[in-house]
Q: 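I'd like to ask you about the structure that follows.
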Amino acid sequence: MEIKTHADYDASPDEVFAVISDPHFVAAKAEQMSVADHAGTVETRGDITLIASKRTLPTDDLPDIAKKFVGDVLTLLEEQEWGPSGADGSRQANLRLKIEGAPVSLRGTIALAPKGAGSTQDLVADLSAKVPLMGGTIEKASAPAIVAGIGFEVDMVKEWLAKRA
């Protein structure tokens, strides 16, 4: 199932990326989006920036069939592998999200690009639940929570940008 999101920021791509890749932001995001165990790290290897987080979310809103696979909480493992900045500040990341203990994953890209005095962020990803006969149902049930999580992160980035201004 394809998932697409779009966000506009009143800051340059370099300023947005500075927030996204700030270890304090990554740790705060993991903590604020979790009900239990969480972690967040940022690692730089040459011109590649690896951002990883582990978050736990409640499964209250999932259908019973999905809860059978994951239990009372979902443990999300997310990796963003950001490439170098382009001449205009644009960047692209490979995104991988895995739900621990469940055959559900998300793979895609995040593009950060200049737009006027600000920037845009576009995410395009494929949500996959490899469960015979029920995969589509699980994907449809999981998609709103994933999109909401992306929206929460966008709102956090905007808050952190406002604090830096």
Q: For residues 107-119, which residue pairs pass the side-chain hydrogen bond (donor to acceptor under 3.5 Å, both in side chains) check, not counting sequence neighbours?
A: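 Non-adjacent pairs meeting side-chain hydrogen bond (donor to acceptor under 3.5 Å, both in side chains): zero.
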Q: Are the side chains of Met33 and Glu78 in contact, using a 4.5 Å heavy-atom criterion?
A: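 Sidechains of Met33 and Glu78: no contact.
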Q: So how far is it from Asp122 CG to Lys4 NZ, rounded to the nearest 0.5 Å?
A: 9.0 Å
Q: Rounded to the nearest 0.5 Å, what separates atom CD1 in Ile20 from atom NZ in Lys29?
A: 8.5 Å
Q: Measure across Ile48 and Gly83 and return the closest heavy-atom pair with its distance rounded to 0.1 Å.
A: CD1-CA, 4.0 Å
Q: Going by heavy atoms in the side chains, are Leu97 and Leu77 under 4.5 Å from each other?
A: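 Result no, sub-4.5 Å side-chain heavy-atom pair not found.
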Q: Using modelled atom types only, decide if a donor and an acceptor are shared between the side chain of Asp126 and the backbone of Met1 within a distance under 3.5 Å.
A: yes
Q: Does the pair Ile99 and Leu76 meet the rule for a side-chain contact (heavy atoms from CB on, under 4.5 Å), with working shown?
A: CA-CA 5 Å; Ile99 299 177; Leu76 300 178; 3.4 Å; yes
Q: Considering all heavy atoms of both residues, which atom of Thr49 and which atom of Ser21 are nearest to each other, and what is their separation?
A: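 Of all heavy-atom pairs spanning Thr49 and Ser21, the closest is CG2-CB, 4.2 Å.
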Q: Going by heavy atoms in the side chains, are Phe25 and Glu153 under 4.5 Å from each other?
A: yes
Q: Looking at side-chain heavy atoms only, is the closest gap between Ser90 and Pro114 below 4.5 Å?
A: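 In contact.
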Q: Provide the closest heavy-atom pair for Pro13 versus Ala113 in the form atom of the first, atom of the second, distance.
A: CG-C, 3.7 Å
Q: Taking a hydrophobic cluster as the set of Ile, Leu, Val, Met, Phe, Trp and Tyr residues connected by side-chain heavy atoms closer than 4.5 Å, whether directly or through intermediates, do Phe152 and Leu123 fall within one such cluster?
A: yes
Q: Please report the interatomic distance CG(Leu106) to CD(Glu2), rounded to the nearest 0.5 Å.
A: 11.0 Å
Q: Does Asp10 CG have over 12 foreign heavy atoms under 6.0 Å away?
A: no
Q: Provide the closest heavy-atom pair for Val157 versus Tyr9 in the form atom of the first, atom of the second, distance.
A: CG1-CE2, 3.4 Å
Q: Here's a test for you: under salt bridge (charged side-chain N to carboxylate O under 4.0 Å, His left out), which of Arg45, Arg91, Arg96 qualifies with Glu81?
A: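 The passing option is Arg96.
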Q: List the steps, then state whether side-chain contact (heavy atoms from CB on, under 4.5 Å) holds for Gln121 with Ile110.
A: CA-CA 7 Å; Gln121 175 183 293; Ile110 305 169; 3.6 Å; yes
Q: Taking the side chain as every heavy atom from C-beta outward, state whether Leu50 and Glu79 have any pair of such atoms under 4.5 Å apart.
A: no
Q: Of the non-hydrogen atoms in Ser85 and Asp14, which two are nearest, and what is the gap between them?
A: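 Minimum heavy-atom separation between Ser85 and Asp14: OG-OD1, 3.7 Å.
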Q: May I have the step-by-step check of side-chain contact (heavy atoms from CB on, under 4.5 Å) for Asp37 and Thr75, ending in yes or no?
A: CA-CA 8 Å; Asp37 193 23; Thr75 300; over 6 Å; no
Q: So does Ser105 get a backbone contact from the side chain of Ser128, meaning a donor-acceptor N/O pair under 3.5 Å?
A: no
Q: Which heavy atom of Arg164 sits nearest a heavy atom of Asp22, and at what distance?
A: NH2-OD2, 3.0 Å
